[in-house]
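Remarks on the structure that follows.
We use all heavy atoms of the structure for the numbers below, so side chains are in, but hydrogens, waters and symmetry mates are not. Everything numeric here is computed off the predicted structure, so don't read it as measured data. We count residues from 1, following the sequence as given.
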Amino acid sequence: MADQEYEKPVTKSKYADAGPLGLFGFAATTLVLSLYNVQARGITHPNVVVGMAIAFGGLAQLLAGMWEFPRGNTFAATAFSSYGAFWISYAAILLPGTGIAASYDPTTNEFASAIGIYLLSWFIITFMFFIAALRKSIAFIALFLFLFITFLLLGAGSFTANLTVTKAGGGLGIVTALVAFYIGLSMLLASEEKSIVTLPLGVF
């Protein structure tokens, strides 16, 4: 009886876990762009990813980040909001209406160098998320490890105009997307009260 008097009641958050939405948005958009980067099916122009980057990878992921703030999940809120903003900004670069790409002289490599600097900044941001992920699970550590190497390779590919390096970044991006899909499915299953199947994320 004494134990029951001091036992704290378990309260369930009124907010659903936005993690699966953010992870699926990130994973799906990353997979599409990465397949373009490896030139799957002979595709050399990534512009079709713009729709995904604005809606699913961008807006949906940004909203997932905003919804994580009231839950007190600073890591997820910051990560989802950041990569949602990344996809929206990347879409803005590719959209002809913005005039961003067209403002560069096509006879020089200035645009490629500018993209390289842009990707380098995201490599730095992702490396910081990787450091923070060291306090989480093996799956999250793998996700941000693969992702910051992906940004590094894609940035190097833009700086050097080396298609092999860019394809390597695309290949690692595919792996990154698959890891994000796995984590998203694991969290989605865990959020169900009567879930029978669970996917381990690995205790670190």
Side-chain angles (χ1 to χ4, degrees), residues 10 12-13 15-35 37-38 40 52-53 56-58 60-87 90 119-157 165-204:
V10 177
K12 185 178 180 180
S13 173
Y15 299 102
D17 189 357
L21 172 63
L23 284 160
F24 287 157
F26 170 82
T29 315
T30 300
L31 179 62
V32 171
L33 181 60
S34 297
L35 288 171
N37 284 332
V38 299
M52 288 279 287
F56 201 17
Q61 194 174 181
L62 182 62
L63 288 173
M66 294 298 104
W67 289 326
E68 286 292 346
F69 277 113
R71 291 170 55 89
N73 193 343
T74 304
F75 180 87
T78 307
F80 290 144
S81 301
S82 297
Y83 292 110
F86 161 76
W87 283 117
Y90 185 74
L119 294 171
L120 180 62
S121 69
W122 282 101
F123 156 73
I124 296 172
I125 293 170
T126 306
F127 183 76
M128 293 180 182
F129 280 121
F130 168 72
I131 297 300
L134 293 175
R135 299 178 62 184
K136 294 190 172 292
S137 64
I138 293 175
F140 274 104
I141 293 172
L143 174 65
F144 287 101
L145 173 64
F146 293 143
L147 184 56
F148 86 70
I149 298 176
T150 297
F151 277 123
L152 180 62
L153 290 173
L154 293 177
V165 177
T166 299
K167 284 187 173 182
L172 199 56
I174 293 173
V175 176
T176 304
L178 295 177
V179 174
F181 273 127
Y182 177 87
I183 298 174
L185 180 58
S186 174
M187 295 176 67
L188 184 63
L189 292 173
S191 66
E192 297 295 322
E193 293 183 359
K194 298 182 179 180
S195 178
I196 298 174
V197 180
T198 58
L199 298 176
L201 296 180
V203 178
F204 184 71

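- Nearest heavy-atom pair across Met187 and Asp17 is CE-OD2, 3.5 Å.
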Do Phe24 and Thr29 pass the side-chain contact (heavy atoms from CB on, under 4.5 Å) test, and can you show the C-alpha distance, the side-chain angles, and the key distance before you say yes or no?
CA-CA 8 Å; Phe24 287 157; Thr29 315; over 6 Å; no
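- Looking at residues two or more places apart in sequence or on another chain, you find no ring pair (Phe, Tyr, Trp, His ring centres under 6.0 Å) involving Phe181.
- Taking the side-chain hydrogen bond (donor to acceptor under 3.5 Å, both in side chains) definition, one finds that Tyr90 meets it with nothing, sequence neighbours left out.
- Taking the six-membered ring wherever Trp is involved, the centroid distance between the rings of Phe75 and Phe144 falls below 6.0 Å.
- From Thr176, atom OG1 reaches atom CZ of Phe148 across 10.5 Å, with rounding to the nearest 0.5 Å.
- Sparse packing is recorded around CE of Met128, with 12 or fewer heavy atoms of other residues, nucleotides or ligands lying under 6.0 Å away.
- The minimum heavy-atom distance between Thr74 and Thr78, with the atom names listed, is O-OG1, 2.7 Å.
- Between Leu145 and Phe140 there is no side-chain heavy-atom pair separated by less than 4.5 Å.
- Rounded to the nearest 0.5 Å, atoms OG (Ser82) and CZ (Phe129) are 4.0 Å apart.
- Counting only distance, with no hydrogens or angles, the side chain of Ser186 and the backbone of Tyr182 share no donor-acceptor pair below 3.5 Å.
- Across every non-hydrogen atom of Ala18 and Phe80, the tightest pair is O-CE1, 4.3 Å.
- Using a 4.5 Å heavy-atom threshold, the side chains of Thr166 and Leu153 count as separate.
- Side-chain contact between Leu143 and Leu23: present, with at least one pair of heavy atoms (C-beta onward) separated by less than 4.5 Å.
- Under a 3.5 Å cut-off, the side chain of Glu68 and the backbone N or O of Ala64 do not form any donor-acceptor pair.
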Check: Where do Ile138 and Leu201 land on the side-chain contact (heavy atoms from CB on, under 4.5 Å) test, with the steps shown first?
Finding: CA-CA 6 Å; Ile138 293 175; Leu201 296 180; over 6 Å; no
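- Residues Ile141 and Lys136 form no side-chain contact, since every pair of their non-hydrogen atoms from C-beta on lies 4.5 Å or further apart.
- To the nearest 0.5 Å, the span separating OG1 on Thr126 from CG on Leu119 amounts to 10.0 Å.
- Annotation: side chain of Phe56 is not in contact with side chain of Phe26 (no heavy-atom distance under 4.5 Å).
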Please test Phe151 against Ser121 for side-chain contact (heavy atoms from CB on, under 4.5 Å), starting from the C-alpha separation and ending with a verdict. CA-CA 9 Å; Phe151 277 123; Ser121 69; over 6 Å; no
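- Here CG of Leu147 is found 8.5 Å from CG of Leu172. Values are rounded to the nearest 0.5 Å.
- The CH2 atom of Trp67 sits 15.0 Å away from atom CG of Asn73, with the distance rounded to the nearest 0.5 Å.
- Applying the side-chain hydrogen bond (donor to acceptor under 3.5 Å, both in side chains) rule to Ser34 yields no partners; only residues at least two apart in sequence or on another chain are considered.
- With Phe127 as the partner, the side chain to side chain contact (heavy atoms under 4.5 Å, CB included) test is satisfied by one option alone out of Ile125, Ile124, Ile131: Ile131.
- Counting only N and O atoms by type, the side chains of Tyr83 and Thr30 include no donor and acceptor under 3.5 Å apart.
- To the nearest 0.5 Å, the span separating CE on Met52 from CG on Leu31 amounts to 8.0 Å.
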